[in-house]
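Below, all heavy atoms of this structure are taken into account, side chains as well, without hydrogens, waters or symmetry copies. Residue numbers start at 1 and run along the sequence shown.
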Amino acid sequence: KGEGGAVSVLSKEIGKMNCKKIKDLIITDYIDQELSKSRQEEVITHLKTCSRCRAFEQALRKRVSEPLRKIEPVKPPESIWQRVQEAIDEEETVQHSPSLLGRIYDFLKGAVLWPKPVFAFSSTFAVILIAALFLWRPFYRQWTVKNYLLEQSNFIHSIPLSVNGESENGLGFDTEIVNLFF
């Protein structure tokens, strides 16, 4: 009994696990014939050897599947189909009429992504003008300093030089230091 008993208990446990798995497959997909071919063959093979699963499958067909198969399809009234069609048409209309933000986005997308020649020219001109203003600023400062120095230099050169500490034109600046520098 030692090893043989343990193997028979193990095979019964595996059989119970398989039965649970097979019953789940029977309930979900086997009766509706939605199993893959390999799974369907697995269920059929198990049903041939397991009387409990076979009884379960037959009871399920008898109580659930068979009554539903005998029911004849009912055609809904035409008014229901009209309401369904109206709902579909209304949904399509809502999807095709964009909101205010959608229309603004579409306008901007058309203006930016596919620019017109005038828009492209004016945008390019504006960019060049802004770039020129930013690039001109350092040159303007240098020009201002250069003009200031030139003006001061001209002023200093316009003052007549003095001979022996006195100015030639008698400009007298009142102090010796000022006379010395000018």
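Through side-chain heavy atoms spaced under 4.5 Å, either directly or across other Ile, Leu, Val, Met, Phe, Trp or Tyr residues, F134 is tied to I130.
The distance from the CD atom of E34 to the OG1 atom of T28 is 9.0 Å, given to the nearest 0.5 Å. Separating the CG atom in L149 from the OG1 atom in T144 is a distance of 11.0 Å, to the nearest 0.5 Å. Here the OG1 atom belonging to T45 is positioned 11.5 Å from the CG atom belonging to N18, to the nearest 0.5 angstrom. E57 contributes atom CD, which lies 11.5 Å from atom CD1 of I22 (distance to the nearest 0.5 angstrom). Between atom OG1 of residue T49 and atom CZ of residue R54 there is a gap of 8.0 Å, rounded to the nearest 0.5 Å. Going from atom CD1 of I26 over to atom NZ of K21 covers 12.5 Å, rounded to the nearest 0.5 Å.
Side-chain contact between V64 and I31: absent, with no pair of heavy atoms (C-beta onward) separated by less than 4.5 Å. Contact annotation: the side chain of Y30 approaches that of R61 to within less than 4.5 Å [non-hydrogen atoms, C-beta and beyond].
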### Task
Determine, stepwise, if the pair E151 / N147 fulfils side-chain hydrogen bond (donor to acceptor under 3.5 Å, both in side chains).
CA-CA 6 Å; E151 181 181 309; N147 281 344; over 6 Å; no
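Looking at every heavy atom in both residues, L60 comes nearest to I27 through CD2-CA, 4.0 Å.
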